[in-house]
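Encoded as structure tokens, the structure appears first; notes follow it.
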Amino acid sequence: MSNSNSSRIRTIFRSKTTKALDKVEDPRETLDDSYEQQVKLLQQVRKAVADVATAKKRIDLQGQEMGSRYQRLGEQAREALAQGREDLARAALERRALLESQVAKLQEQYTALQNQTAQLQQRERHLSEQIAAFRIEKETIKATYTASEAQVKANEAVAGIGSNMNDVGA
């Protein structure tokens, strides 16, 4: 095989290899996509924290309302007794006892939401730290890949110049 034929084969091979590599997904894009997915997950966790805080506030408001009703029922029971109406006092105290069980359930829900908030906030902190570390690593890998890519292109250019010189020499 002559030197010019081998040179043409190298050029064709290089061209085909370059086209094949162009079709391969760029790892820099893959890293950016992974980073974006992690950021979206963090946003979802933050939204969940906000949703739980809203639910806690709603329960807190309900608790305040029930506390006011509880006091009013106590006052109604005292007034009914003062007027000699034991039947009305008993009815007010029964409603008040029912309200106590509702308040207890509300307190359980509030405690559960507090625990959930703590877990979500811990998850948010952990995820934020992971994302920050990943971002640094991602940028390092991207820079290394870009530098390697430039080195390969420089080597190809030098090899191309060398083979062209051989062709000229032949």
Side-chain angles (χ1 to χ4, degrees), residues 17-156:
T17 304
T18 302
K19 286 180 183 176
L21 288 175
D22 287 345
K23 291 180 184 176
V24 174
E25 188 171 340
D26 187 341
R28 293 170 290 198
E29 291 176 15
T30 304
L31 289 168
D32 287 338
D33 290 345
S34 294
Y35 179 75
E36 287 176 25
Q37 289 172 355
Q38 290 178 4
V39 169
K40 285 179 185 176
L41 178 61
L42 179 60
Q43 290 169 344
Q44 290 172 348
V45 170
R46 286 180 176 156
K47 184 183 180 318
V49 169
D51 290 346
V52 171
T54 301
K56 277 176 49 180
K57 186 63 178 169
R58 246 184 271 127
I59 288 175
D60 189 40
L61 292 173
Q62 285 178 335
Q64 289 175 16
E65 181 185 318
M66 286 180 173
S68 296
R69 242 187 303 160
Y70 185 82
Q71 287 177 348
R72 279 194 310 267
L73 288 171
E75 291 169 6
Q76 287 175 0
R78 280 189 290 280
E79 288 175 14
L81 279 177
Q83 295 174 2
R85 300 283 316 259
E86 287 184 31
D87 58 330
L88 291 178
R90 192 178 358 268
L93 292 175
E94 286 172 0
R95 287 191 310 228
R96 190 173 182 192
L98 185 67
L99 196 58
E100 283 178 5
S101 68
Q102 290 174 346
V103 167
K105 287 179 186 175
L106 207 57
Q107 286 174 335
E108 287 174 18
Q109 290 175 351
Y110 190 83
T111 301
L113 286 175
Q114 279 182 313
N115 292 338
Q116 191 176 11
T117 299
Q119 289 172 351
L120 284 170
Q121 287 172 337
Q122 168 102 17
R123 178 74 176 138
E124 179 185 10
R125 280 189 300 276
H126 182 69
L127 200 53
S128 291
E129 291 168 4
Q130 281 182 322
I131 289 171
F134 181 78
R135 182 178 43 77
I136 292 167
E137 181 139 358
K138 169 185 78 94
E139 293 304 324
T140 303
I141 291 170
K142 284 172 62 175
T144 302
Y145 182 83
T146 301
S148 297
E149 189 177 50
Q151 184 66 42
V152 167
K153 287 180 182 175
N155 290 343
E156 286 177 352

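Across all their heavy atoms, Ala89 and Ala80 have their closest contact at N-CB, 3.5 Å.
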Enumerate, atom names and distances included, each donor-acceptor pair closer than 3.5 Å involving a side-chain atom of residues 81-88, sequence neighbours excluded.
| from | atom 1 | to | atom 2 | distance (Å) |
| --- | --- | --- | --- | --- |
| Arg85 | NE | Asp87 | OD1 | 3.3 |
| Arg85 | NH2 | Asp87 | OD2 | 3.1 |

Would you list the atom pairs, donor with acceptor, under 3.5 Å between side chains in residues 119-127 and any protein atom, with sequence neighbours excluded?
| from | atom 1 | to | atom 2 | distance (Å) |
| --- | --- | --- | --- | --- |
| Glu124 | OE2 | Arg46 | NE | 2.8 |
| His126 | NE2 | Gln130 | NE2 | 3.4 |

Hey, can you pull the donor-acceptor pairs under 3.5 Å for the side chains in residues 146-153, sequence neighbours left out?
| from | atom 1 | to | atom 2 | distance (Å) |
| --- | --- | --- | --- | --- |
| Thr146 | OG1 | Arg28 | NH1 | 2.9 |
| Thr146 | OG1 | Lys142 | O | 2.9 |
| Ser148 | OG | Thr144 | O | 3.0 |
| Glu149 | OE1 | Arg28 | NH1 | 3.3 |
| Glu149 | OE1 | Arg28 | NH2 | 3.2 |
| Gln151 | NE2 | Asn155 | OD1 | 3.2 |

Using a 3.5 Å cut-off and no angle test, enumerate the donor-acceptor pairs between side-chain atoms of residues 65-73 and protein atoms at least two apart in sequence or in another chain.
| from | atom 1 | to | atom 2 | distance (Å) |
| --- | --- | --- | --- | --- |
| Ser68 | OG | Gln64 | O | 3.2 |
| Tyr70 | OH | Arg96 | NE | 3.4 |
| Tyr70 | OH | Arg96 | NH2 | 3.4 |
| Tyr70 | OH | Glu100 | OE2 | 2.6 |

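To the nearest 0.5 Å, atoms CD (Glu139) and CZ (Phe134) are separated by 9.5 Å. Gln37 contributes atom CD, which lies 11.0 Å from atom CD1 of Ile131 (distance to the nearest 0.5 angstrom). Distance CD/Glu29 to CD/Glu36: 10.5 Å, rounded to 0.5 Å.
Residues Leu106 and Gln102 form no side-chain contact, since every pair of their non-hydrogen atoms from C-beta on lies 4.5 Å or further apart. Taking 4.5 Å as the limit, some side-chain heavy atom of Arg90 sits within range of a side-chain heavy atom of Glu94.
For Thr30, the side-chain hydrogen bond (donor to acceptor under 3.5 Å, both in side chains) test picks out Glu25, with sequence neighbours left out. Lys57 pairs by the side-chain hydrogen bond (donor to acceptor under 3.5 Å, both in side chains) definition with nothing, not counting sequence neighbours. Looking at residues two or more places apart in sequence or on another chain, you find a side-chain contact (heavy atoms from CB on, under 4.5 Å) between Glu75 and Arg78. For Gln38, there are no side-chain hydrogen bond (donor to acceptor under 3.5 Å, both in side chains) partners two or more places apart in sequence or in a different chain. Not a single side-chain hydrogen bond (donor to acceptor under 3.5 Å, both in side chains) links Lys56 to another residue, sequence neighbours left out.
Residue pairs that meet the salt bridge (Lys or Arg N to Asp or Glu O under 4.0 Å) test with at least one member in residues 103-120, sequence neighbours left out, do not exist here.
Counting heavy atoms of neighbouring residues, nucleotides and ligands inside a 6.0 Å radius, atom CD of Glu137 does not exceed 12 of them.
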